[in-house]
Amino acid sequence: MSAVTLSYENGTLRVDGDASGIPLVEEDPRSGVARAPAYRYAALRDLLSQRAGGFEDRVLDLPDLDLTTDYDLRAYQRDALDAWRDAGKRGVLELPTGSGKTVVAIAAMVELGVPTLVVVPTVDLLDQWARELEAEFGVPVGRFGGGEQRAEAVTVSTYDSAYLKAEDVGDDFGFVVFDEVHHLGGEGYRDVARLLAAPFRLGLTATFERPDGAHEVVEELVGSVAYRASVDDLAGEHLAAYDIKRVEVELTDEERERYEEAQGTFVDYLRSSGLSLTSGSDYQKLVMRSGSDPRAREALLAKQRARDVMMNADRKVEELARILDRHRGDRVIVFTAHTDLVYRLSERFLLPAITSETGAKERREILSRFREGRYSRVVAANVLDEGVDVPDANVAVVLSGSGSEREFTQRLGRVLRPKEGNSESPTGRALLYELVSAETAEERVADRRR
DNA sequence: TTGACTCAACATCCTTTGCTACAA
DNA sequence: TTGTAGGTTTCCATGTTGAGTCA
């Protein structure tokens, strides 16, 4: 058995020498070159080191980094770091929004002392991470994304840019941190993790599981969940204690009529077509059918109308008026599912509004005024759910939302940050109102997300 | 450099029963 | 006998984002 040489080539590991019988390695039938996916590097290295004949490793040639940090980890952060280390320096930490996931990643970087790539979903987060890493380590931090393509030993990238660059830089980093790692389950994004050779991997998220089951892919690429702390584990001590109040509102007669008509059309179609909806994938079937079947299309459009009615019910707006009145002295974020409603509320209550149509500059301005206390309320569609540094609030009002557990957790997280400089005793409890239209499908939707 | 635009990707979208094949 | 898991192939609508292009 002759010695084997491992090297990195365009997002794969090239295996030269006698590669027969090595698990994970397959021969490319056209070129005859034996290869393994780059993300298998750690596993392959372990396998080969136990094999007679030894092997030559030319995959990574990385400088040592001397990184230090002043952070003192909290007990749960230390536990999380320990758990990740015990898992072989691979795996996911599931920690709530506001619990200091970044700090744990920084501690891991210090411990490893190797070039590191941090991958994040938005340009906003890219800026935040880069600023924080620059301040902490006092080294220049590279950026892939937001119009920049500059590599450094410590680099932050968006998922999109990482996808475009992964083949080129796949052997430049020994450690990769995936922030909001649930995104990695996306069909395209998963390639980012596949093309990198980095043996050490850390995923951070508040909600690991995906309704489509793709978290299993993430487990394969990054590792399993090594440590998990829920909002309830940390509430009261490191996060604000909270209450959730569900308020049911009745549809007006006119809304009820429109709702029943539309919902009826949808349900009738299901019954007559023999379709049963037991899961999200069944719904997908219906969507596909609607491409060719006009009745299926009409059923879906009717469902859309029913959703509009229940989510934007008039009495929710009236209820919001009462809530805003009750919380005059509080900092309130109002969440909706539709942009139309955002603008309606903005006009009626004179609330600063943020949707995907709001430009970056205006958005920054609103959030900074909210931070400074010049605004005490904002209304937003889904924009503030994730990936934005949203200032502290203590009351959230969910006027409408999806059945997504992730969306709900993120929205709740927006009010749970302990008050600044006083993390020992957050001033009062945080409060989340959930407005639900009575006797509509929204009751089920609201149950699902909890 | 900025802003407006397009494009592609991602995420959610869900009813209350009942058929079939296969494993325990 | 009794549970229980179970596959299709592109895609009705809305919201959001990043990258790329062009003026």
Side-chain angles (χ1 to χ4, degrees), chain A residues 119-127 143-149 157-165 180 182-192 207 210-214 262-271 273-308 310-312 335-343 354-363 380-388 400-408 410 440-449:
Chain A
V119 188
V120 302
T122 64
V123 173
D124 242 54
L125 279 173
L126 183 140
D127 286 335
R143 289 170 187 238
F144 298 153
E148 268 182 273
Q149 300 292 327
S157 172
T158 60
Y159 278 88
D160 285 273
S161 284
Y163 175 76
L164 298 171
K165 293 211 72 122
E180 309 289 1
H182 48 271
H183 287 283
L184 205 55
E187 209 63 55
Y189 288 162
R190 55 183 72 166
D191 282 343
V192 174
T207 42
R210 295 170 49 112
D212 63 0
Q263 181 76 3
T265 304
F266 179 67
V267 174
D268 283 351
Y269 175 77
L270 287 184
R271 254 199 285 275
S273 66
L275 271 179
S276 70
L277 294 185
T278 49
S279 70
S281 60
D282 290 335
Y283 189 80
Q284 206 54 41
K285 286 180 211 169
L286 176 57
V287 171
M288 280 162 53
R289 196 181 280 199
S290 72
S292 54
D293 177 357
R295 286 187 59 232
R297 182 176 144 78
E298 174 48 32
L300 272 178
L301 292 176
K303 181 68 202 168
Q304 185 70 28
R305 286 198 300 277
R307 248 199 310 268
D308 273 358
M310 74 185 191
M311 285 186 159
N312 304 318
F335 294 100
T336 77
H338 291 114
T339 51
D340 286 356
L341 183 59
V342 169
Y343 294 122
I354 303 181
T355 71
S356 65
E357 296 164 19
T358 313
K361 196 174 153 199
E362 189 184 351
R363 195 180 295 193
N382 301 321
V383 260
L384 299 187
D385 289 354
E386 183 192 284
V388 192
S400 54
S402 70
S404 157
E405 193 188 333
R406 169 163 303 123
E407 178 190 277
F408 187 78
Q410 284 163 341
T440 67
E442 196 171 33
E443 293 182 320
R444 256 197 311 276
V445 171
D447 286 342
R448 207 166 60 224
R449 64 188 170 217

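A note on names: the letters A, B, ... follow the listed sequences, proteins ahead of strands, and every chain is numbered from 1.
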For A/Gly146 and A/Glu357, take the nucleotide of DNA chain C holding the closest heavy atom to each; which residue's nucleotide lies nearer the 5' end?
A/Glu357

Rounded distance in Å - CE (A/Met288) to C1' (C/dT9)
4 Å

Closest non-hydrogen atom pair between A/Ala162 and A/Val192, with its separation
CB-CG1, 3.7 Å

Does A/Pro121 offer a backbone N or O that forms a donor-acceptor pair with the side chain of A/Glu180 under 3.5 Å?
no

Mind telling me whether A/Tyr189 and A/His183 have parallel, tilted or perpendicular rings, with 30° and 60° as the class edges?
perpendicular

Quick one: label A/Leu286 by what it contacts on the DNA or RNA (base, sugar-phosphate, nothing), any heavy atom closer than 4.0 Å.
nothing

Side-chain N,O (A/Thr158) to OP1/OP2 (C/dA19) below 4.0 Å:
yes

Within the 4.0 Å heavy-atom criterion, would you say A/Lys285 contacts the bases, only the backbone, or no part of the nucleic acid?
base

Ionic contact status for A/Asp447 with A/Arg444, cut-off 4.0 Å
no

Quick one: label A/Val287 by what it contacts on the DNA or RNA (base, sugar-phosphate, nothing), any heavy atom closer than 4.0 Å.
base

Which one is paired to B/dT1, where only Watson-Crick or G-U wobble pairs with both distances under 3.5 angstrom count?
none

Choosing from B/dT12, C/dT9, C/dG15, which nucleotide comes nearest the side chain of A/Pro211?
B/dT12

Integer angstrom distance from the C1' of B/dA9 to that of C/dC11:
13 Å

Consider the side chain of A/Ser404, meaning its heavy atoms from C-beta on, and name the nucleotide among B/dT12, B/dT15, B/dA11 that approaches it most closely.
B/dT12

Kindly say if A/Lys303 contacts the phosphate of C/dA13, meaning a side-chain N or O under 4.0 Å from OP1 or OP2.
no

Using the P atom in both, what is the distance from C/dT9 to B/dT12, to the nearest Å?
23 Å

Residue A/Glu187, side-chain atoms from C-beta onward, closest of B/dC14, C/dA13, B/dC10
B/dC10

Among the nucleotides B/dT15, C/dC11, C/dC12, whichever has the atom closest to the side chain of A/Arg297 is C/dC12

Say we look at C/dC12 and B/dA11: how far apart would their C1' atoms be, to the nearest angstrom?
16 Å

Check whether any side-chain nitrogen or oxygen of A/Ser402 sits under 4.0 Å from OP1 or OP2 of B/dT12, and answer yes or no.
no

Where the side chain of A/Arg210 is concerned, which of B/dC13, B/dA11, C/dG15 is the nearest nucleotide?
B/dA11

Within the 4.0 Å heavy-atom criterion, would you say A/Arg363 contacts the bases, only the backbone, or no part of the nucleic acid?
sugar-phosphate

With a 4.0 Å cut-off on heavy atoms, is A/Ala337 in touch with a base, just the backbone sugar-phosphate, or nothing at all?
sugar-phosphate

Among C/dT17, B/dT15, C/dA13, which nucleotide has an atom closest to any side-chain atom of A/Thr122?
C/dT17

When the P atoms of B/dG18 and C/dT10 are compared, how many Å lie between them, rounded to an integer?
30 Å

With A/Phe266, which of A/Arg271, A/Glu298, A/Lys303 fulfils side-chain contact (heavy atoms from CB on, under 4.5 Å)?
A/Lys303

Among B/dC10, C/dG15, B/dC13, the nucleotide that comes nearest once only the side chain of A/Tyr189 is considered:
B/dC10

Take atom CG of A/Asp282 and atom P of B/dT12, then tell me their distance rounded to the nearest Å.
17 Å

Please give the distance between the C1' atoms of C/dT4 and B/dT17 as a whole number of Å.
16 Å

C/dA5 to B/dT16 separation - P atoms, rounded to the nearest Å
23 Å

Report yes if a side-chain nitrogen or oxygen of A/Arg307 is closer than 4.0 Å to either non-bridging phosphate oxygen (OP1 or OP2) of B/dT12; otherwise report no.
no

Please classify the nucleic acid contact of A/Gly359 as base, sugar-phosphate, or nothing, using heavy-atom distances under 4.0 Å.
nothing

What are the two closest non-hydrogen atoms of A/Val287 and A/Leu300, and how far apart are they?
CA-CD1, 3.8 Å

Out of C/dC11, C/dT16, B/dT15, which nucleotide sits closest to the side chain of A/Thr339?
C/dT16

Which residue lies more 5' along DNA chain B, comparing A/Glu407 with A/Arg444 via nearest heavy atoms
A/Glu407

Does any N or O in the side chain of A/Arg406 come within less than 3.5 Å of the main-chain N or O of A/Arg210, such that one atom is a donor and the other an acceptor?
no

Given DNA chain C, 5'-ward residue of the pair A/Ser290 and A/Ala380, judged by closest heavy atom:
A/Ser290

Side chain of A/His338 (C-beta onward), nearest among C/dT14, C/dA19, B/dT16:
C/dT14

Against the side chain of A/Arg448, the closest entry in C/dT16, B/dC13, B/dT16 is B/dC13

What's A/Gln263 touching, base or sugar-phosphate or nothing? Going by heavy atoms closer than 4.0 Å.
sugar-phosphate

Judged by nearest nucleotide, the residue sitting upstream toward the 5' end of DNA chain B, A/Gly401 or A/Val267, is A/Gly401

